[in-house]
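In what follows, a single structure is set out as C-alpha cells and then discussed.
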Amino acid sequence: MVLQAEEGLITPSVRVLVATAVPAERNAVAGAFPGAGAGAGESALPGTVRVVHAATGFDLLAAGVGPALAAASTATALTAAALAGRPYGLVVSAGIGGGFQPAAPLGSLVVADAITAADLGAETADGFLPVTEIGFGTVTHRPPKSLVRVACRATGARAGTVLTVSTVTGTAARAAELRDRHPGALAEGMEGFGVAEAAAAHGVPVLEVRAVSNPVGPRDRAAWRIGDALTALTEAFGKLPPALESWNPHDH
C-alpha cells in the first residue's frame, strides 16, 4: 500500500527514509502526519507510506523483522531512490523495543548514539567475542552527534546505545550479560544495525528511534505496553520534522 500527502505541499529538499519492522510501527509513524491521504507515489516502493512536512519529505517503509531483511529492504529503497535521481539525505530506523530498566521505562523514547550488533561474533570458553575482535567487519554505527542532540531535544528522548539482536532477550541472566558488555545500552531492537549497514553502504547518515514497549529481560506479556509505545512513536515523529529541517545533513 502506498499513501501520498495531499497536493500543494512544499516539495521536500531533504528526503528521509524511515524503516520500521512491521506495518503497525510504520502506521504509527504515519499517524504523526494527519495530512496524508490515499494515492500513488511516483518512486515509492510497495509497502511504503509517503508523507511531506514543510521542507522535509518522508518515505515510511515496513522493512521486515530482523537485521538481514531490514538491511536488504533498506538497501533496495536507497538504491531505487538514487537511480531515480532523488536520493535520501537521512535514514531513520524506528519502532518499538525493549528498554533496560530502570533507565528506559515503559513508554519512554530512546535515540541511539550508538547502534550496536550485540550478538554478531563468536562464543568462546572465555565468553562472547564481537566480530571485530576476530578480525572482521564492524559492530557499531554512530549517528551524527548533532543529529542525536537535535532529535533528543525535540522529542525528550534519552540518548544511549541501542542494541540490535537476532534473538530477543527473554531472561534476566541474558539482560545482565548484555548490560555488562554494553554499559551504555538503553534499549534493544532487531533491525537498527541492519538499517545502519545499508545506510553506511550508501554514505547516508542514520538515526535510530525506539519507543519502549517492554522491559529487557523475562518475557511477561501482561507487562508489555505496546499501545503506549506506538503512541509515543507517533508523538515523537510529530515533533521531529521541524527539528530535522534545522539540522544540517552535511554536519556528520
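In this text the structure is predicted, and so the values were computed from the model without any measurement.
- Summarising the geometry of Pro205 relative to Gly89, their closest heavy-atom pair is CG-O, 3.3 Å, with the distance given to 0.1 Å.
- Nearest heavy atoms, Asp113 versus Thr161: OD1-N, 3.4 Å.
- Between Pro105 and Val212 there is no side-chain heavy-atom pair separated by less than 4.5 Å.
- The two residues Leu120 and Val139 come nearest to each other via the heavy atoms O-CG1, 4.0 Å.
- Cluster membership for Val111 and Phe237, using ILVMFWY side-chain heavy atoms within less than 4.5 angstrom, is shared.
- Here the side chain of Thr234 pairs a donor or acceptor atom with the backbone of Ala28 at under 3.5 angstrom.
- In this structure, the separation between OG1 on Thr155 and CG on Leu109 is 5.5 Å, given to the nearest 0.5 Å.
- In this structure, Gly64 and Ala70 approach most closely via the heavy-atom pair O-CB, 4.2 Å.
- Counting heavy atoms from C-beta outward, Val29 and Arg26 have side chains that stay 4.5 Å or more apart.
- Between atom CG of residue Leu240 and atom CG of residue Leu233 there is a gap of 9.5 Å, rounded to the nearest 0.5 Å.
- Distance CG/Leu129 to CD/Glu123: 8.5 Å, rounded to 0.5 Å.
- For Arg181, the salt bridge (Lys or Arg N to Asp or Glu O under 4.0 Å) test picks out Glu177, with sequence neighbours left out.
- Side chains of Leu106 and Asp228 form no contact here, defined as non-hydrogen atoms less than 4.5 Å apart.
- Atom-to-atom distance recorded for Thr138:OG1 and Ile115:CD1 is 11.0 Å, nearest 0.5 angstrom.
- Summarising the geometry of Ala175 relative to Gly217, their closest heavy-atom pair is CB-CA, 4.1 Å, with the distance given to 0.1 Å.
- Under a hydrophobic clustering in which Ile, Leu, Val, Met, Phe, Trp and Tyr are joined whenever their side-chain heavy atoms come within less than 4.5 Å, directly or via other members, Val168 and Leu178 fall into different clusters.
- Going from atom CG of Leu244 over to atom CG of Leu207 covers 7.5 Å, rounded to the nearest 0.5 Å.
- By the 6.0 Å contact criterion, CZ on Arg142 is open, its count of non-hydrogen atoms from other residues, nucleotides or ligands being 12 or less.
- The structure places CD of Glu25 at 5.5 Å from CD1 of Ile96, a figure rounded to the nearest 0.5 Å.
- Under the 4.5 Å side-chain criterion, counting only non-hydrogen atoms from C-beta, Thr79 is in contact with His202.
- Formation of a donor-acceptor pair under 3.5 Å by the Thr20 side chain with backbone atoms of Val22 is found in this model.
- Among all heavy-atom pairs drawn from Ala114 and Pro143, the shortest one is N-CD, 4.1 Å.
- Using a 4.5 Å cut-off between side-chain heavy atoms of Ile, Leu, Val, Met, Phe, Trp and Tyr, with links allowed through other members, Leu230 and Trp224 fall into the same hydrophobic cluster.
- Phe100 and Val110 fall into different hydrophobic clusters, where Ile, Leu, Val, Met, Phe, Trp and Tyr side chains are chained together by heavy-atom contacts under 4.5 Å.
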For Val216 and Gln101, run side chain to side chain contact (heavy atoms under 4.5 Å, CB included): C-alpha distance rounded to whole Å, both residues' side-chain angles, the deciding distance at 0.1 Å, then the answer. CA-CA 7 Å; Val216 175; Gln101 305 302 301; over 6 Å; no
Please list every donor-acceptor pair under 3.5 Å in which a side-chain atom of residues 186-200 meets a protein atom from a residue at least two apart or in another chain.
residue	atom	partner	partner atom	Å
Glu188	OE1	Thr169	OG1	2.7
Glu188	OE2	Thr169	N	3.0
Glu188	OE2	Thr169	OG1	3.4
Glu191	OE1	Arg210	NH2	3.2
Glu191	OE2	Gly66	N	2.9
Glu197	OE1	His141	NE2	2.6

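- Within the 4.5 Å cutoff, no side-chain heavy atoms of Leu78 are placed close to those of Pro87.
- Remark: the backbone N or O of Val206 is not paired with any side-chain donor or acceptor of Glu208 at under 3.5 angstrom.
- Around atom CZ of Arg158, no more than 12 heavy atoms belonging to other residues, nucleotides or ligands sit under 6.0 Å away.
- Using the six-membered ring where Trp is involved, Phe58 and Phe33 have ring planes that are tilted, between 30° and 60° apart.
- By the rule that hydrophobic residues join a cluster once side-chain heavy atoms approach within less than 4.5 Å of another member, Leu17 and Val162 end up as members of separate clusters.
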